[in-house]
Amino acid sequence: MDYRGYWLEEKGGCLSVKNIRDFNLTHIFECGQCFRWIRLQDGSYQGVVRGKSARVSQEGDVLYIENSCIQDFIDIWFDYFDLGTDYSGIKSALEKDPIMREAIETGYGIRILRQDFWEMLISFIISANNMIPRIMKTVESLSMLKGERIGAEGQHYGFPGMEALAAATLEELQQCKAGFRCKYILGTSRLMQDGKITAEGLGGMDTDGARKALMTLPGVGPKVADCILLFSGVKFDVFPTDVWVKRVMEELYFKREAGLKEIQQLADSNFGGLKGYAQQYLFYHARLNRIGMS
DNA sequence: AAACAGGGGTTAA
DNA sequence: TTAACCCCTGTT
């Protein structure tokens with residue numbers, strides 16, 4: 001059947017989605033936005049989304065989702081993979097700049113996943129002063145520790161809810177190897193229980209107000225706040241600047257060392273409201289080509 | 001084999 | 001503005 005320009009078929013418990021454009025699973029899963037998708041030997045990816053485990057793969061303009069059905073596509077995948085957004089338009093708006101043009105060529109299939117706000121909040125607290133393989137291990141063990149068993153054989157775990165983490169002890173959380181970040185996870189979980197900070201609430205504020213509100217939570221500084229806003233789809237006019245983005249901006253735009261403030265200003269004047277997307281293309285480009293190293 | 005360097009945001013001083 | 005925080009990986 002046709003659903004908003006995509007052709008859907010169910011075959012033997014596998015859903016195929018035809019006519020995907022501006023879409024590459026490697027670009028999407030390796031651009032630093034998510035921590036729960038693992039690349040398997042055959043190039044497919046295994047992950048957990050909204051309390052369900054899934055395996056996805058891609059051949060050209062067809063996306064395959066195992067153990068999924070048309071209703072799941074309508075309920076989950078269309079939104080999760082941001083399939084209602086025209087990335088060709090975003091890319092051509094950004095491509096006026098020759099440096100961005102090259103970054104987009106590298107990561108042409110990037111999409112910003114619409115991930116769960118709570119999961120992003122905790123995941124990016126864990127990401128501070130940390131590297132991706134370790135963040136993935138910590139998120140996984142936190143899920144095994146406090147999340148619910150899911151999957152056909154119960155071999156996977158959903159991301160733990162706010163109540164489960166708020167009720168944990170510091171000693172319990174230390175098992176997931178988050179180190180000094182454990183006290184931030186616990187502190188933020190307990191503060192969040194009053195329900196004063198929500199994705200909807202932040203979405204209604206201006207971007208700077210939303211960032212400041214998030215920064216009242218322990219373990220959330222400016223970079224982590226911007227990641228949370230961007231990767232949960234609350235705000236797209238943020239430019240999370242980690243070491244890789246700093247390096248790529250210095251190497252390609254400034255041709256010198258640059259401070260965080262001037263990087264933010266340049267991103268704003270060059271990319272405007274699309275700077276969140278620009279950051280993703282630049283991050284992927286920088287990491288893949290090790291820009292700014294050596 | 002054991003010791004050490006490197007990586008990486010936020011917080012508190 | 002700068003040191004301390006924690007743990008894993010890679011190198012000596």
Side-chain angles (χ1 to χ4, degrees), chain A residues 30-39 115 117-146 165 168-192 197 202 207-232 234-235 238-251 256-267 275-276 279-280 282-294:
Chain A
E30 317 270 347
C31 66
Q33 62 177 322
C34 56
F35 304 111
R36 293 216 77 187
W37 288 97
I38 297 165
R39 193 187 180 93
Q115 301 182 82
F117 173 72
W118 166 250
E119 182 172 339
M120 292 303 98
L121 173 54
I122 300 301
S123 296
F124 280 94
I125 286 174
I126 293 166
S127 82
N129 202 243
N130 210 343
M131 42 194 103
I132 291 171
R134 250 186 69 199
I135 301 164
M136 292 177 75
K137 275 184 199 155
T138 296
V139 171
E140 185 64 24
S141 55
L142 192 61
S143 300
M144 289 174 75
L145 192 70
K146 289 287 164 185
L165 292 188
T169 64
L170 193 56
E171 290 69 30
E172 270 183 301
L173 293 185
Q174 313 275 13
Q175 294 173 46
C176 68
K177 316 270 186 204
F180 62 85
R181 305 164 196 86
C182 289
K183 60 181 182 289
Y184 301 146
I185 297 172
L186 196 56
T188 286
S189 298
R190 293 185 175 165
L191 277 174
M192 283 290 288
I197 298 179
L202 295 171
T207 300
D208 208 52
R211 182 188 291 113
K212 287 206 170 83
L214 277 174
M215 284 172 61
T216 62
L217 297 166
V220 182
K223 188 272 181 183
V224 168
D226 286 351
C227 285
I228 295 163
L229 291 171
L230 183 57
F231 301 133
S232 56
V234 174
K235 296 287 179 188
V238 291
F239 195 75
T241 307
D242 68 347
V243 287
W244 287 96
V245 174
K246 185 166 185 290
R247 275 180 205 144
V248 72
M249 293 299 282
E250 288 174 337
E251 174 109 359
R256 60 169 172 83
E257 296 208 340
L260 288 176
K261 213 167 186 175
E262 49 184 345
I263 290 173
Q264 292 291 318
Q265 284 166 356
L266 187 84
K275 57 181 178 282
Q279 188 269 6
Q280 288 288 273
L282 288 169
F283 178 90
Y284 186 76
H285 183 55
R287 280 183 62 105
L288 196 74
N289 299 308
R290 307 189 66 73
I291 287 172
M293 304 290 290
S294 78

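Protein chains get the first letters and strands the later ones, always in sequence-line order, with residue 1 at the start of each.
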> Does the side chain of Arg247(A) get closer than 4.0 angstrom to OP1 or OP2 of dG8(B) through an N or O atom?
Replying inline: yes
> How many Å lie between NZ on Lys177(A) and P on dT9(C), as a whole number?
Replying inline: 11 Å
> Where do Ser141(A) and Gln175(A) land on the side-chain hydrogen bond (donor to acceptor under 3.5 Å, both in side chains) test, with the steps shown first?
Replying inline: CA-CA 8 Å; Ser141(A) 55; Gln175(A) 294 173 46; over 6 Å; no
> Within this structure, what is the CD1-to-P distance between Ile132(A) and dG8(B), rounded to whole angstrom?
Replying inline: 10 Å
>> I need the CE-P distance between Met131(A) and dG6(B), as an integer number of Å.
In response: 12 Å
>> Rounded to whole Å, how long is the line connecting atom CE of Met215(A) with atom C1' of dT10(B)?
In response: 9 Å
>> On DNA chain B, does the nearest nucleotide to Arg134(A) precede the nearest nucleotide to Leu217(A) from the 5' side, or the other way round? Give the residue.
In response: Arg134(A)
> Does a side-chain N-to-carboxylate-O contact under 4.0 Å join Arg287(A) and Glu30(A)?
Replying inline: no
> CZ of Phe180(A) versus C1' of dA3(C): gap in Å, rounded?
Replying inline: 13 Å
> For the pair made of CG in Leu170(A) and C1' in dC6(C), what is the distance, rounded to whole Å?
Replying inline: 13 Å
> In whole angstroms, how far is the P atom of dG6(B) from the CG atom of Asn130(A)?
Replying inline: 18 Å
> What is the distance from atom CG of Leu214(A) to atom OG1 of Thr188(A), rounded to the nearest 0.5 Å?
Replying inline: 9.5 Å
> Taking it one step at a time, do Leu142(A) and Ile122(A) satisfy side chain to side chain contact (heavy atoms under 4.5 Å, CB included)?
Replying inline: CA-CA 10 Å; Leu142(A) 192 61; Ile122(A) 300 301; 3.9 Å; yes
>> Classify Pro133(A) by what it touches in the nucleic acid, base, sugar-phosphate, or nothing, heavy-atom distance under 4.0 Å.
In response: nothing
> Using a cut-off of less than 4.0 Å, is there contact between a side-chain N or O of Trp244(A) and OP1 or OP2 of dG8(B)?
Replying inline: yes
>> Pick the closest DNA chain C nucleotide for Lys137(A) and for Asn129(A) by heavy atoms, then say which residue is nearer the 5' end.
In response: Asn129(A)
> Where each residue is assigned the nucleotide of DNA chain B containing its nearest heavy atom, which of Arg287(A) and Gly219(A) is assigned the position nearer the 5′ end?
Replying inline: Arg287(A)
>> Walk me through whether Arg211(A) and Asp208(A) qualify under salt bridge (charged side-chain N to carboxylate O under 4.0 Å, His left out).
In response: CA-CA 5 Å; Arg211(A) 182 188 291 113; Asp208(A) 208 52; 2.7 Å; yes
> Roughly, in whole Å, what's the span from CD1 in Ile125(A) to C1' in dT11(B)?
Replying inline: 13 Å
